[in-house]
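Every value quoted in this text rests on a predicted model; they were computed, and no experiment measured them.
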Amino acid sequence: MHENTIFFDGLCNLCNGAVDFVIFRDKKMAIKYCSLQSEVAKNFLGDMGENTQNMESICFWHKGRLLKKSRAVLAIAKHLGWFWMTLSFLAYLVPIFLADRLYDLVAKNRYKWFGKREVCRLASEEEQKLFVC
């Protein structure tokens, strides 16, 4: 798997918006993307004991580790330029258990608050080189 891969819910409007946000700000194109609904994600994450069917977290494969929830978000932010990198360092002042509780609240309500697609996101022609599945 590519060193910096985001695994995201391809049906979730919030998650797809987050992917668009990262793509726009990742000027070095260092991050790749993979929908949790894909066979690649199911196999890769399944080999690590993760069940993608009930997953309510964005995951980030980074430096040989699978980061989830707020840790994933903070690690991703470090790739998005000085502003987001600085903000991510400041966010580390918040205890991880509190950050994850907030993350869980949003994740649990994401479909209700932001909606859900009928089918997974399809990468545009320009984005195809960024998607590993």
Side-chain angles (χ1 to χ4, degrees):
M1 186 56 57
H2 185 271
E3 175 64 23
N4 298 313
T5 301
I6 294 175
F7 295 93
F8 68 100
D9 181 348
L11 300 176
C12 170
N13 287 334
L14 174 63
C15 302
N16 280 283
V19 166
D20 290 339
F21 180 90
V22 173
I23 288 172
F24 182 75
R25 286 162 182 81
D26 179 21
K27 302 300 182 198
K28 295 178 182 175
M29 293 191 284
I31 298 174
K32 303 296 183 200
Y33 308 86
C34 187
S35 164
L36 288 169
Q37 289 78 12
S38 72
E39 289 304 314
V40 172
K42 288 176 187 174
N43 292 332
F44 182 76
L45 296 174
D47 288 347
M48 286 188 262
E50 299 289 339
N51 179 357
T52 60
Q53 294 289 60
N54 300 320
M55 190 169 278
E56 291 189 337
S57 174
I58 194 168
C59 298
F60 189 45
W61 179 250
H62 181 64
K63 296 185 179 179
R65 292 181 51 214
L66 186 65
L67 304 172
K68 295 191 271 185
K69 299 183 181 185
S70 61
R71 289 185 191 271
V73 172
L74 294 175
I76 292 165
K78 291 179 182 177
H79 292 274
L80 307 182
W82 70 268
F83 176 78
W84 298 104
M85 183 183 299
T86 303
L87 195 60
S88 75
F89 284 121
L90 292 174
Y92 276 107
L93 298 174
V94 176
I96 204 74
F97 77 92
L98 287 178
D100 280 350
R101 280 188 117 163
L102 177 61
Y103 186 100
D104 288 339
L105 175 68
V106 174
K108 186 177 206 126
N109 293 290
R110 69 189 187 280
Y111 292 147
K112 183 170 43 171
W113 295 346
F114 300 97
K116 181 177 180 179
R117 298 173 181 215
E118 294 296 317
V119 295
C120 274
R121 169 196 187 111
L122 294 175
S124 69
E125 196 170 312
E126 300 98 32
E127 295 173 340
Q128 284 181 356
K129 63 183 171 270
L130 300 173
F131 283 74
V132 295
C133 53

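For Met1, the side chain to side chain contact (heavy atoms under 4.5 Å, CB included) partners at least two apart in sequence or on another chain are Thr5, Phe7, Val40, Phe44, Trp61, Val132. Residues passing the ring-ring contact (aromatic ring centres under 6.0 Å, His included) test with Tyr92: none are found, sequence neighbours excluded. Partners of Lys42 by salt bridge (charged side-chain N to carboxylate O under 4.0 Å, His left out), not counting sequence neighbours, listed by chain and number: Glu39. Checked against ring-ring contact (aromatic ring centres under 6.0 Å, His included), Phe8 has no partners two or more places apart in sequence or in another chain. Partners of Glu56 under the side chain to side chain contact (heavy atoms under 4.5 Å, CB included) rule, at least two apart in sequence or in another chain, are Ala107, Lys108, Arg110.
Gly64 approaches Glu3 most closely through the heavy-atom pair N-OE2, 4.0 Å. The two residues Ala75 and Leu67 make their nearest non-hydrogen contact at CB-CD1, 3.5 Å. Heavy atoms only, all atoms of each residue included: Cys15 and Asp9 are closest at CB-O, 3.4 Å. Counting all heavy atoms, side chain and backbone alike, Leu66 lies closest to Cys59 at CD1-CB, 3.7 Å. Taking both residues in full, the closest heavy atoms of Ala91 and Leu74 are given as CB-CD2, 3.4 Å, listed atom of the first, atom of the second, then distance. Among all heavy-atom pairs drawn from Ile23 and Phe131, the shortest one is CD1-CE1, 4.2 Å.
In this structure, His79 and Arg25 have side chains that are not in contact, with every pair of non-hydrogen atoms separated by 4.5 Å or more. No side-chain heavy atom of Ile31 sits under 4.5 Å from any side-chain heavy atom of Leu130. Side-chain atoms of Phe114 and Cys12, non-hydrogen and from C-beta on, never get closer than 4.5 Å to each other.
Without hydrogens or angle criteria, Asn16 side chain to Gly10 main chain gives a donor-acceptor distance under 3.5 Å. With hydrogens and angles ignored, the 3.5 Å screen pairs no side-chain donor or acceptor of Ser38 with any backbone N or O of Cys34. A donor-acceptor pair under 3.5 Å links the side-chain atoms of Ser35 to the main chain of Gln37, judged by distance alone. Counting only distance, with no hydrogens or angles, the side chain of Asn109 and the backbone of Trp113 share no donor-acceptor pair below 3.5 Å. In this structure, the side chain of Asp100 does not engage the main chain of Lys69 through any donor-acceptor pair within 3.5 Å.
Atoms CD and OH, from Glu127 and Tyr33 in turn, are 8.5 Å apart once rounded to the nearest 0.5 Å. One distance of note links CG of Asn54 with CG of Asn51; it measures 5.0 Å at 0.5 Å rounding.
If you look at His62 and His2, their ring centroids are not closer than 6.0 Å. Proximity of the aromatic rings of Trp84 and Phe89 is defined here by a centroid distance below 6.0 angstrom, and this criterion is not met.
Both Phe21 and Trp82 belong to a common hydrophobic cluster when Ile, Leu, Val, Met, Phe, Trp and Tyr are linked at side-chain heavy-atom distances under 4.5 angstrom. No chain of hydrophobic side-chain contacts below 4.5 Å, direct or via other Ile, Leu, Val, Met, Phe, Trp or Tyr residues, connects Met55 to Leu11. Linking Ile, Leu, Val, Met, Phe, Trp and Tyr whenever their side-chain heavy atoms come within less than 4.5 Å puts Ile58 and Val22 in one cluster. If you chain together hydrophobic residues whose side chains sit under 4.5 Å apart, Phe83 and Ile76 fall into the same group.
Dense packing is recorded around CE of Met85, with more than 12 heavy atoms of other residues, nucleotides or ligands lying under 6.0 Å away. Around NZ of Lys27, the count of heavy atoms belonging to other residues, nucleotides or ligands within 6.0 Å exceeds 12.
Side-chain contacts under 4.5 Å among hydrophobic residues (ILVMFWY), followed directly or transitively, place Phe97 together with Val94, Leu98.
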Which is it for Leu36 and Leu45 under the side-chain contact (heavy atoms from CB on, under 4.5 Å) test, yes or no, and what are the steps along the way? CA-CA 9 Å; Leu36 288 169; Leu45 296 174; 3.5 Å; yes
Go through Val19 and Phe24 one step at a time and tell me if the side-chain contact (heavy atoms from CB on, under 4.5 Å) criterion holds. CA-CA 9 Å; Val19 166; Phe24 182 75; over 6 Å; no
Working for side-chain contact (heavy atoms from CB on, under 4.5 Å), residues Asn13 and Lys116: CA-CA 6 Å; Asn13 287 334; Lys116 181 177 180 179; 5.8 Å; no
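Both tests do not hold together for Arg101 against Tyr103: distance to the six-membered ring centre under 6.0 Å, angle to the ring axis within 45°.
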